[in-house]
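Note sheet for the following structure.
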Amino acid sequence: LALCDTRIVPKYLEIPLAGCVCFAQEQQDYRDMGFQHGIHCVYVSDIEDFEIHTEIFRDCRDIETSFQAIADAGRKLIEDNWTAECFADALYNHALKRVQPNSKGLQL
């Protein structure tokens, strides 16, 4: 469960990365990261919504084709876009764009 009213916290990424279905409060930041309800996670808006979704999850007989697909897609989204390696690559590429090739001592 990734339930947080104010901002994204690490568990929002750790849950899908672990291969689990993430039940999360819908946040603009989470949507901006690419998470879509029913594809990469399950958004819940209040306690009733949460209870409905968790009952469906609990009673699901064909979990391999429904919630497993959500867990797999969430994990892929994290692995493809939001790992430490992804951040390091983005930072490195940003630095390469900012550094002048003629800078003193820089060899590319």
Query raised in the report: Does some side-chain heavy atom of Ile39 sit less than 4.5 Å from a side-chain heavy atom of Ile70?
Result: no
Query raised in the report: Going by the salt bridge (Lys or Arg N to Asp or Glu O under 4.0 Å) test, which pairs reach into residues 66-91, not counting sequence neighbours?
Result: Arg75-Glu79, Lys76-Asp80
Query raised in the report: Within the side chain of Trp82, is there an N or O that forms a donor-acceptor pair under 3.5 Å with the backbone of Met33?
Result: yes
Query raised in the report: What residues form a ring pair (Phe, Tyr, Trp, His ring centres under 6.0 Å) with Phe23, not counting sequence neighbours?
Result: Phe57
Requested in this report: Taking side-chain contact (heavy atoms from CB on, under 4.5 Å) as the test, write out the residues that go with Cys86, two or more places apart.
Outcome: Thr83
Query raised in the report: Sequence neighbours excluded, which residues qualify as side-chain contact (heavy atoms from CB on, under 4.5 Å) partners of Glu26?
Result: Arg31, Tyr43
**Report entry** Set of side-chain contact (heavy atoms from CB on, under 4.5 Å) partners for Asp49, sequence neighbours left out
**Finding:** Val44, Ser45, Asp46, His53
Query raised in the report: Judged by atom type as modelled, is there a donor-acceptor pair below 3.5 Å linking the side chain of His40 to the main-chain atoms of Gln36?
Result: yes
Query raised in the report: Heavy-atom count around Gln28 CD within 6.0 Å, excluding the residue itself: above 12?
Result: yes
**Report entry** Flag side-chain contact, heavy atom, 4.5 Å: Tyr12 against Gln27
**Finding:** yes
**Report entry** Residues that Ile56 engages under side-chain contact (heavy atoms from CB on, under 4.5 Å), provided they are two or more places apart
**Finding:** Ile52, Phe67
Query raised in the report: Is there a side-chain contact between Ile78 and Phe35 (heavy atoms, below 4.5 Å)?
Result: yes
